[in-house]
Novice: 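I am attaching a structure below and will ask some questions about it afterwards.
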Amino acid sequence: MVSSTFPFAAIVGQDEMKLALVLNVIDPLLGGVLIMGHRGTAKSTAVRGLAELLPQIWVVRGCYYRCDPSNADHLCEECQRRVDSAGKLQRERSTVAVVDLPLGATEDRVAGSINIERALKGATRTFEPGLIARANRGFLYIDEVNLLEDHLVDLLLDVAVTGRHQVEREGISVKHPARFVLIGSGNPEEGELRPQLLDRFGLHVEVTTENGPDQRIEIVERRASFEDDRESFIEQYKDEQGQIRKRITSAQQNLGSVKMDRALLRKVAELCVELNLDGHRGELTLTRAARALAAFEKRKKVSESDVRRVALISLRHRLRREPFEESGSGERIQQALNKVFGSSEPASSGTGSPSSNGQPAGKKNRPTKQTSDATSDQRARHSASEKKEMKLPTVNGKHRFNLDLNRVNGNHKLGREGSSGKQTLNKKRGRYALSTGEYSRPSRIALDATLRALATSGYRHGEGAFPFSALRFKRFSKKQGSLFIFAIDASGSMALTRITRAREVALGLLRQSYINRDSVAIVVFRGTNAELVLPPSRSMLRAKRALDGITVGGGTPLSAGISAALEVAKRASANHGRAVLLLFTDGNANVSLRQAQSEDRESRDQTIADELHCLGNEIHKAMISTIVIETGNKFISHNGPQQLAQKLGADFTRIP
C-alpha cells in the first residue's frame, strides 16, 4: 500500500523546524516542539512526515500502552501483573505512535473512559484508554494548539509533570504510563498560548513563508509531482529518507556518550543569566539540544557552534516579554550570545539539517547595494503616504487609567453576575462536572450515573425495554470568558492627541483581557460608516496591530459604530459568553444611519438622538454591559458623552 504521507526529506526549506523535530526524536526528554507561524508553511506536513522516519521500538506484546519490556519502572498495571506471575514479558517490534489530538476532542476521548459496549452488555466495567494512552512512548500532535480548550490544557500539564496518567471517573480507577513527546503547531495571530503550557515545550520554532521565487516554484513542483504519482515520488526520496533514519538511529545509540566541557556549560549558564531567564529549564533544554545535535552529526563532544545553533529554538519562548511584543527575541538572544561567546557570524540553525535543498543557508537573499537603495526609496514613499493618511505612531499602553474590567463585566445594573474566569455549566464542552436527569438538546449521556441509576432500580440486561427514566445526562464546567468590544471614534474631531490617548487606554485594557483569557473585538467608526477591524479574537498581537492601524478623519457616525458593535455582540454571544461594550468617543455625533443630505442640522440631530435611544433599548434587551469613555479634555468638555451614557443606559468615565 502506497503511503499517503508527503516525505519528510522532500519538504523545501524550514530547516529549523525539521531540525527541532529530529532532535526530539533523538532525545525525547527535550520536552517537545512548539511550531508557530504562517498558514501553509508545512507545519502539519512535517509532523506527519516525521512518523515515516521513526525507527521501530520494542514493546510488550498485546499491551495497549506499548510498555517498554526493558523498563520495569514504567509498566502499566496489566504488564506489572504479568511480570509478577510469569516473571517475564513477551516482546515485539512496533512503529512509534504519532497521535493526533483534534481540537474538538472531548475529555473522555483524551483521558479515557469506561467501555460503553461492555457496560451495556452487563459485563464488568473495563477501562477504554484514550488518546493520552495511545501516545505513550510516542508523539502527541496538537494542531492549532493555541485554540485548545483550557480544561484539556490543564489535563496535559498534569500528565507532563509526572509521566503517568491517573484516571478516576465513572466508577473506575486506572493509572498508566504516559510519556510522550508533545508537538504543537498554530498561527500566533489566532491567539496566544497559555504561559504554563508554553513553558512545557522544550523547543520553539517560528516558521515563515518561503519568499524566494525559486523555493516557491520548487514547492509547487514537488507537491504537484506527489499528487500526480505518489508511488514514484516517494521512491525518489527513499534513499534520502533512509539516510536520515540511519543518522537518527545512530544518534540515539550514541547520545549517552556525548559530553560537554564544564567551561562550555558555564558559558551556557552565563547566557541564561544574561537573558534573565526564570527557572532552570533554559540551561537544561539548551544542553540537551546541543548534545542531541552533536550526536546527530556523529561527534562525541559538544562544540560552541552546537550551542549557538540551538540557542534560539531553546530559549526564545522563555524570555520575559510584554503581551504585545511582536519580535526582538532573536536579536536579544544573538546579542547575548555575542557577549558571552564573543562576536561572530550567527550560525544558521539549518546547517547540518536533516535534509538539504541545494541552497546554502549563508547565501540566501543577500541584499545588494541596488536593492538597499530601492528599499530606502520605498521606505521614503511609504513614510510620505503615512503622513497623508494621518496614521498614528504606535503606543505601548502604559497610560494611567484605572478601570477594572471584571467590575464592568459584573455590572449589576444590567442583571449581571460573576466576572471573567467564572466556571459555568453547559451541555456541550468543558470538564464533566455533574449529571442530571433533565434532558434537553443537545445532551450527552452520563454513563456512570446511568449505570448507577440502573443498579438501584433493579433492572437487569434482557429484562424488557431499557427504562428511559434511568438515563442521566452530562453537564460540563467551563471557564466563562467575556467578549470586550472596543468601539473607537476615529472621526476628525478626535484629532491626533485624543485618538492617541484613546489607543493608549485601549492597550492598557487589552492587557487585563489578556490576563483573563478574554476575547476582544475592535470596531472603528469614522466618515459615514463603521468597520469591524478585528473580529472576536484572543490574539492580543492582532488587537495591537488593529489599534496601530487606525487613521482619523471625516464625520462622526456614532449610531453606525454602536450598531456595528451591537451586531458583533449578538453574533458572538454563543461562543464568547458575556459581551462588554467599551465606547471611546468625544460625543460629537453628526452623521445619522440614514445619512440624509437634505436634512437641516436640527432635524439631523433629532434623528441621531432617536437612533441612539433605539440602540440603547437594544443594548438593554441584549444585556450588554456598556461604558462610555470620554476622550476629550474635561476643561473643554461638553455634556455630550454623559448624555450619551444616559441614553444607552451605560456607565460613564473620562480619560484623565
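Values reported hereafter were calculated over all heavy atoms of this structure, with side chains retained and with hydrogens, waters and symmetry mates removed.
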Novice: Between F486 and F584, is a side-chain contact (heavy atoms from CB on, under 4.5 Å) present by the stated rule, with each step listed?
Specialist: CA-CA 7 Å; F486 292 76; F584 294 81; 3.6 Å; yes

Novice: For F341, check ring-ring contact (aromatic ring centres under 6.0 Å, His included) against everything at least two apart and list the hits.
Specialist: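 With sequence neighbours excluded, F341 shows a ring-ring contact (aromatic ring centres under 6.0 Å, His included) to no residue whatsoever.
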
Novice: Using the test side-chain hydrogen bond (donor to acceptor under 3.5 Å, both in side chains), find all partners of Q241 that sit at least two apart in sequence or belong to another chain.
Specialist: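 Not a single residue meets the side-chain hydrogen bond (donor to acceptor under 3.5 Å, both in side chains) criterion with Q241.
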
Novice: Among all residues two or more places apart in sequence or in another chain, which pass the salt bridge (Lys or Arg N to Asp or Glu O under 4.0 Å) test with D143?
Specialist: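 By the salt bridge (Lys or Arg N to Asp or Glu O under 4.0 Å) rule, D143 matches no residue at all.
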
Novice: Using only atom types and a distance under 3.5 Å, with no angle test, would you say the side chain of K298 pairs donor to acceptor with the backbone of R247?
Specialist: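 No.
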
Novice: List the residues meeting side-chain hydrogen bond (donor to acceptor under 3.5 Å, both in side chains) with R291, not counting sequence neighbours, and say none if there are none.
Specialist: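 Applying side-chain hydrogen bond (donor to acceptor under 3.5 Å, both in side chains) to R291 gives none.
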
Novice: Nearest 0.5 Å, what's the CG-CZ distance between L271 and R308?
Specialist: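 If we round to the nearest 0.5 Å, L271:CG and R308:CZ are 9.5 Å apart.
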
Novice: Using distance alone, with no hydrogens and no angle criterion, decide if T285 and R318 have a side-chain donor and acceptor under 3.5 Å apart.
Specialist: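 Per modelled atom types, T285 and R318 side chains form a pair under 3.5 Å.
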
Novice: Does a side-chain N-to-carboxylate-O contact under 4.0 Å join D548 and R545?
Specialist: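 Salt bridge flag = no for R545 with D548.
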
Novice: Applying side chain to side chain contact (heavy atoms under 4.5 Å, CB included) between H204 and each of V33, I35, L198, report the one that passes.
Specialist: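 Of the listed residues V33, I35, L198, the side chain to side chain contact (heavy atoms under 4.5 Å, CB included) partner of H204 is L198.
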
Novice: Cation-pi check for F6 against R48: NZ or CZ below 6.0 Å from the six-membered ring centre and within 45 degrees of the axis, yes or no?
Specialist: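 Checked: cation-pi criterion not met.
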
Novice: Evaluate the criterion side-chain contact (heavy atoms from CB on, under 4.5 Å) for residue pair L275 and I333; output intermediate values, then yes/no.
Specialist: CA-CA 7 Å; L275 292 171; I333 293 174; 4.1 Å; yes

Novice: Listed by chain and number, what are the ring-ring contact (aromatic ring centres under 6.0 Å, His included) partners of H74, not counting sequence neighbours?
Specialist: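 Expected list: none.
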
Novice: By side-chain contact (heavy atoms from CB on, under 4.5 Å), which residues pair with I57, not counting sequence neighbours?
Specialist: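 Applying side-chain contact (heavy atoms from CB on, under 4.5 Å) to I57 gives V59, R66, V96, R137.
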
Novice: With distance as the sole test, does N71 use its side chain to make a donor-acceptor pair with the main-chain N or O of D73 at under 3.5 Å?
Specialist: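 At least one qualifying donor-acceptor pair exists.
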
Novice: Would you compute the distance between atom CG of L284 and atom CZ of R288 and round it to the nearest 0.5 angstrom?
Specialist: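 L284 CG to R288 CZ: 7.5 Å, rounded to 0.5 Å.
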
Novice: Tell me, which pairs form a salt bridge (charged side-chain N to carboxylate O under 4.0 Å, His left out) where one or both residues lie in residues 266-283, sequence neighbours left out?
Specialist: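 For residues 266-283: D199-R281, E274-K339, D278-R320.
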
Novice: Can you sort out the partners of K301 under side-chain hydrogen bond (donor to acceptor under 3.5 Å, both in side chains), two or more places apart, ordered by chain and number?
Specialist: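 In terms of side-chain hydrogen bond (donor to acceptor under 3.5 Å, both in side chains), with neighbours along the sequence ignored, K301 is linked to D261.
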
Novice: Do side-chain atoms of N136 reach the backbone of I132 as a donor and acceptor pair under 3.5 angstrom?
Specialist: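 Side chain of N136 to backbone of I132, a donor-acceptor pair under 3.5 Å: no, none is there.
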
Novice: Taking side-chain contact (heavy atoms from CB on, under 4.5 Å) as the test, write out the residues that go with D306, two or more places apart.
Specialist: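 D306: side-chain contact (heavy atoms from CB on, under 4.5 Å) contacts with A290, L293, A294, E297, R299, V302, S303, R309.
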
Novice: Taking side-chain hydrogen bond (donor to acceptor under 3.5 Å, both in side chains) as the definition, give me every residue that meets it alongside S257, ordered by chain and number, with sequence neighbours left out.
Specialist: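 If we apply the side-chain hydrogen bond (donor to acceptor under 3.5 Å, both in side chains) test to S257, skipping adjacent residues, the hits are K300.
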
Novice: The test is side-chain contact (heavy atoms from CB on, under 4.5 Å); show your working for L34 and H317 and say whether it passes.
Specialist: CA-CA 9 Å; L34 177 63; H317 57 305; 5.8 Å; no

Novice: Taking ring-ring contact (aromatic ring centres under 6.0 Å, His included) as the definition, give me every residue that meets it alongside H176, ordered by chain and number, with sequence neighbours left out.
Specialist: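 Here the qualifying residues are Y65, H165.
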
Novice: In chain order, what residues pass the side-chain contact (heavy atoms from CB on, under 4.5 Å) check against A546, with sequence neighbours excluded?
Specialist: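 side-chain contact (heavy atoms from CB on, under 4.5 Å) list for A546, sorted by chain: I522, V533, L534.
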
Novice: Checking the side chain of Q252 only, and the main-chain atoms of V25 only, is there a donor and an acceptor separated by less than 3.5 Å?
Specialist: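 It does hold such a pair.
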
